[in-house]
Amino acid sequence: TMAVCVAVIGKENSPLYVWVGSGREELHLHYLAHTGLDVIQEKVAAVNKTPGDTRELYLGLLYASEEYKVFGYTTNTRIKFVIITDAANTTLRDNEIRMMFRRLHNMYTNVVCNPFYIPGEQITSREFDQGVGALVAGN
Amino acid sequence: MHGQININIPAAVIDNMEDEFDPYGLPPEVTTPPHALIGMMGLNITEKATHKAVWEAFALNRRTDRTPLHFRLFSNDFQMPPMKPKRQSYEWYVPKGILKSNWISKYLYHVPALVVLFYDLDWNDTSWTDKKNDLATRVHTLKSVLGSRNSRVALVLIQSGISVPGEDTGAAEKAATLCTACDLPAKHLFVLPHSDAHLLGYTVRLENALSEIAWTFYLGETKGVRAHRDFLNKTTHTLLFVRHQFKLGFLNELRNDSQAAIKHYAQCYHLLLDLRSTDTNLHEIRIVAAVVNYKICRLDFALNLPRDAISQFRRHIDLFRQRTGPKELIFEHYAWLSKQYQIFGDVFEEAVRGGLPAVQTQHPGFYYQQAAQYAVLRRKTALQVCKDVSAPVSDLLEGWSKLEFYGQRPWRPGKRSLEPPEQQREAEGIMEVQYHEVKEVNHSNTIIPLFSSAISQFKKYRCPRIKRHLMVQMAEEYHQANDSSKALTLLNHVMWDYRSEKWWSLLSSVSALALQCAYNTAAITEYFGLALEFMGTKLMRSEEDKKRVHDNLLKLLNGQSPDPEPGTPPEVVTVATEAWSVLLGSQVSPVTVDMTTLVPCLEVRASFTQSQFHVDQEVGVIVMIRNSYQSAISLSALSVTTNSPSYSDRLLETQPEKLILSPGKVTEIHLTFLPLVEDVGKKVKVTGVRAQMDVPNSSLVVSLQWSGPGNEGVTMHAANTPAFPEFSLLYKDKFDISLPIAETEILPRQPRLTVQIEHDNTALVWEWLPVKVFLKNIEESLASDISLSFGLDPSSHINLELATQVCTSSGLLSDKIGSQVSSFSNGELGVGEESAVTFYVKSLTASERVLTLKVEYTVPVLSGGSLVHCPCVCEKSIHIQARIPFQVTVETQSLKFEKLARVAAGESFLVVPKIKCISHVPITLTNSSLALANEVNQVGTEAKSQVMNTVLSEGEIGVDCFCVLLSKKATPNSALTLGQYVLYWKRFLTVMYRSDNDSPAVSVSVGLPSLMVEHWGVWVDCEIAPQGTVRTPLALAYIISNHGVHTAELALNMQVSDAFMYAGHKEVRLRVLPGCSEQVTYTLYPLLAGNVHLPKLTLSVESHSPGQPTSLDALLARILPTHVYIMPQAKGNDPAVASLSTRVTTMVVS
């Protein structure tokens, strides 16, 4: 698998969707996704200080623990995506992570375009579930 | 025996080692910064003040910018540690360990690089020779104490006077002899003057010189170590290669050469990794590796190479993470790893304090965090592997803190072999380590400070969420350490943030622990709140769990201890049950749970039904309560508090059947109250909602409270509040999106007094426009204290205010009339009675005005059971457009009705005002008059206005006429202002207005034009009948008067006319004296009928008195008649025609 945890986090930092790979310590990964927000906030604040019209949405590696690496991405509407991979998974390239985030962003856009979805609410969508499943499986 | 020396380590150091001996940490001497050791002898600091000053200047308050040196005071009888006998051959020597534990201390504290002998001796000392000899003896004694160690000796003479070099040649000579006597090089003799204030400066210079000498000692020592190396072989002496590199590194550190030290330590680390390691010597290797790694990292940071330090540490961890050692001692591995992270965190933190910048993603906190996690893992694994450890029979761990080599096992010190020599003894030793680990080590005392360090670092580097996660872990640790109350305090902080960020998964896990802690400490308020939150939908808990917690709440309400949380150890349960029963046995004071900070299973919304109420209406309050628990919850009372305490007793619901909250439903509770008259104009605000839970016959009362600024009557973490209010239409649940009306305004009572206003929308400027107000009381009782205020709307422009007058009929004659009539009292009106009031409005400018009428009265009303006088107010506004009613133009005319711009003194003339009506309604001119200047008088005192009682409609013009006489005294050749024309008028009343009293006439003054005053010395009056008859003689007389002061010589000429024959002078000269007059008479015989031209008279003045025109033609043309009517001759003798011939004198009055 490509990732052990995928999280979509809302504008006000509340989780909209958290997927955790089966057999993983779910709570611990929730904590990791949550604490990644610290770095995201700092990075976004640092970018906002320097004026510029285009902002890189991919924030790169947020931090690494002994077991996991935490990557971040934020949309222009301040929706944050967090992907956590195994620290041991050294074959993953930065570009692949970037592509995963792009796909996740597209999938999120589809969710928001659904007229029955209320922005800011938890995401409960079969299509999104399947999309995340394919994403983390590397398909 | 090798190097087993009795060294006199200071007592404090030994105490420290006993107290804090940590078999996995660094020995204290390793972490002491290595400074060159300089011994000082001959200083008597207790008795001699100068010696004390010298010592303090050297040894105390050493700032970091001074040379790194360590001074120790040596007494005269100090001893050096004994030397080992020099080994001749290393061939048969087998080292018993890697690093000797006493070696560092030896160089740090006991083997001085240099001993400085202080001696009070001035160059001109009287007993110079004696003292010189005494000094030589002392130096020799010292040298013999130092023995074969290469420690250097230096001599410092403390002198009271300053010697200027070169001045006293005796000094140089004496110094030379002193050096010879003491057998010291000249460079090792120093002089320290203490007499002046620059002692510190001298000291700094002296210590720099001393440090040079000291460093040569260490350089010599390194040479000695290197010399050994040549004798070593790579089979039996691998340990010595490591040891020697370490020694070289350390000696270079002592001589302040960090670069060289790092090189040797790195070499040392490298050689250490080359050693073959087994479970037997792994511990020794990793302890030594920790020491060397510490040295390298610390020096890297000191040299401002933080990247090198971090990568060295990473490598160090990577190399040893996999080398776990024997399974029975796996916890040692984690203990060691935890220690490595902690040490690195400390070194990093020290560097940051020294000015190294750290960033959010790389700072000491991460290392403390990892250290704490490994410490937790250490305890976890220790508890696993040491489950059935029993108390040891022998004490194999004795002397663990004082082993000869770092990291060796106390039950087999100095053993070289890589295999455990005795299986039995090894097993016993391991068991003792295990026993020590689980019984004698207080893990929480290690773990909690690590979390605490990490938390403060993450706080510093702006990682609030990581900090919170660490706080949770720290709370878990406190809970493990049976300090549940501290754990609960920490968790309370954290949960608040998890609630506000809606991370329910994290909150669920934390809240379970918090509930456990609240149970353990019998914290009833927290327990209740947490339990209510636990029962809600947001926490991911099973229904059984929720039910269990609910049952516990019911037990509590019945005065019983709740059941323990699952997994509570029995001894904790015992203590907790005791605490609960003590609490419940004594507690009578009610428990208040602040619900606003929670995400509880009960949520409320308190709202007024409207945002405005009239004071005689019942105010409605709806409290909606949503129960998201799986079964019904009963309240015993529900109350709403407002900012006005007087309504509290009405805003209370205690009927139990209304307070059963069905599961998953929103229960609405309606409350009402009648507002107080005092609250009219105020706002009533919901300040809180309070629900009460209790059980009959139980002493425990629990209040759930929703209050506090910002969340009056709502649940603050309203868990389902839409993130984007724009999409709230999509929500099906109105509870979440409804916006409570938190405050309502109490309005005055709706008035029941009809007010009608009658007036013309168009007012005429200057007129008093009547505005009639009709009041009718349709209340059910007497309206009293009726008071009317009428006037220009307060928002009007200031110019309008000055140009508007409003009054009542009684105020019409007052001269102080403003734009407002306020509080015009109108008594009282019985039921069904009517009354009317007329106001008058005068507009002075033609513009639109808004006028407001305010009627206030009081009426008795039944409120709260008693009769009160309730004030009522009604307001109405009217718009009035004012327009100019007429235009007045005034002309002056001569008596011949010709326009006149100049007038002679004493001349009569006419003032003719023309009034053009442009009003939309007819106006009545009631009178008019002239207000004249002093120089003019009206002719005929009884002369009446020509326009009196004239009615003019739009477009009609009325002409008035007054004859006035200019006084003879009027100043000639000046412009004369005649005065004012005053016109009295009013609106012509038609029947369409229901007006029984007329509005008064108003006057308008119009300025009269001004005239030029002329002065003629001569005046001519003409006397002639108004008409004549053909062929009937007609008399004509000219009376010529002189008004001047000089005699007038005049030439008179009478022209011939075709219409007349006449008798009289045709040409004559006249002399008229001042103040006299002459008459010239003619008899005319008319020849033609009609309005015929009279013979023209010309006069010219011959005396050239100044200021008089010579020709009087201009005057005569204005004042003399030019024509006369001549009637045809009557056929008969008609008496009517005859009467017409009566002579009439034209009005020429002087």
Side-chain angles (χ1 to χ4, degrees), chain A residues 5 7-20 25-46 59-72 77-80 82 87-88 90 112 114-123, chain B residues 314 317-318 321 337 341 359-363 365-367 369-370 373-374 377 458-459 461-470 472-473 494 497-510 512-513 538 540 717 719-733 736-737:
Chain A
C5 175
V8 180
I9 296 162
K11 187 174 67 130
E12 304 297 340
N13 296 332
S14 56
L16 304 181
Y17 185 91
V18 184
W19 174 89
V20 174
E25 317 146 88
E26 184 165 343
L27 182 62
H28 182 64
L29 288 167
H30 276 246
Y31 269 118
L32 278 186
H34 181 238
T35 49
L37 289 172
D38 283 339
V39 188
I40 292 180
Q41 260 181 357
E42 279 296 307
K43 289 201 174 199
V44 170
L59 299 172
L61 179 68
L62 301 179
Y63 68 93
S65 72
E66 297 245 305
E67 309 124 89
Y68 297 112
K69 284 181 179 168
V70 184
F71 296 89
T77 51
R78 292 183 181 256
I79 304 294
K80 293 108 183 162
V82 171
T90 47
V112 176
N114 178 352
F116 297 103
Y117 172 71
I118 305 171
E121 293 291 290
Q122 303 244 343
I123 297 172
Chain B
R314 287 252 166 83
I317 294 297
D318 286 346
R321 192 190 285 131
L337 275 174
Y341 278 99
V359 293
Q360 195 198 28
T361 48
Q362 185 58 263
H363 60 78
F366 286 102
Y367 299 95
Q369 180 189 21
Q370 197 61 50
Q373 273 155 11
Y374 276 125
L377 199 54
F458 278 105
K459 186 179 177 188
Y461 294 103
R462 293 190 304 280
C463 299
R465 294 177 186 84
I466 300 181
K467 188 190 101 186
R468 270 171 237 147
H469 185 197
L470 289 167
V472 171
Q473 290 169 293
V494 173
D497 289 302
Y498 288 161
R499 284 182 196 117
S500 67
E501 286 196 340
K502 302 183 184 177
W503 278 80
W504 309 128
S505 56
L506 306 185
L507 182 65
S508 303
S509 123
V510 172
L513 179 62
K538 288 298 164 190
M540 304 152 182
H717 293 294
N720 299 313
T721 312
F724 298 90
E726 299 89 331
F727 295 99
S728 52
L729 273 180
L730 295 174
Y731 285 81
K732 291 192 190 80
D733 195 336
D736 289 325
I737 53 164

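Just so we're on the same page: letters track the sequence lines, and every chain starts at 1. The model shown is predicted, which means the values in this text are computed figures rather than measured ones.
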Task: Heavy-atom pairs under 4.5 Å with chain B, option from A:His34, A:His30, A:Glu12 with the top count - done: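 Of A:His34, A:His30, A:Glu12, A:His34 has the most heavy-atom pairs under 4.5 Å with chain B.
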
Task: Pairs of heavy atoms under 4.5 Å with chain B: top-ranked of A:Gly10, A:Pro15, A:Gly120 - done: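 Most heavy-atom pairs within the cutoff with chain B belong to A:Pro15.
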
TODO: Could you look at A:Gln41 and say if it's the side chain, the backbone, both or neither that has a heavy atom under 4.5 Å from chain B?
DONE: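 Side chain only.
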
TODO: Pick one of side chain, backbone, both or neither for A:Leu61, based on which atoms fall under 4.5 Å of a heavy atom in chain B.
DONE: neither

Open item on the list: Checking the side chain of B:Trp503 only, and the main-chain atoms of A:Asn13 only, is there a donor and an acceptor separated by less than 3.5 Å?
Closed with: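 A pair under 3.5 Å: yes.
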
Task: Check: B:Arg465 main-chain N/O paired with A:Asp38 side-chain donor or acceptor under 3.5 Å - done: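 Yes, the answer is positive, given that a donor and an acceptor are paired below the 3.5 Å cut-off.
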
Task: Portion of B:Tyr498 that has a non-hydrogen atom of chain A nearer than 4.5 angstrom - done: side chain

Task: B:Ser505, part contacting chain A, at a heavy-atom distance under 4.5 Å - done: both

Task: B:His469 side, atom NE2; A:Leu32 side, atom CG - distance, nearest 0.5 Å - done: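 Between atom NE2 of B:His469 and atom CG of A:Leu32 there are 7.5 Å.
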
Task: Chi angles and distances behind the side chain to side chain donor-acceptor pair (under 3.5 Å) call for A:Glu66, B:Tyr374 - done: CA-CA 11 Å; A:Glu66 297 245 305; B:Tyr374 276 125; 2.5 Å; yes

Open item on the list: Could you check whether atom CZ of B:Arg462 has more than 12 heavy atoms from other residues, nucleotides or ligands sitting under 6.0 Å from it?
Closed with: no

Open item on the list: Give me the atom names and distance for the closest heavy-atom approach of B:Lys502 to A:Ser14.
Closed with: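 The pair with the smallest heavy-atom distance is CB-CB, 3.6 Å.
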
Open item on the list: Please rank B:Gln362, B:Arg321, B:Lys467 by heavy-atom pairs under 4.5 Å with chain A and give me the top one.
Closed with: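 Max contact count across the listed options: B:Arg321.
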
Open item on the list: Looking only at heavy atoms and a cut-off of under 4.5 Å, which of B:Gln360, B:Gln373, B:Gln369 has the most pairs with chain A?
Closed with: B:Gln360

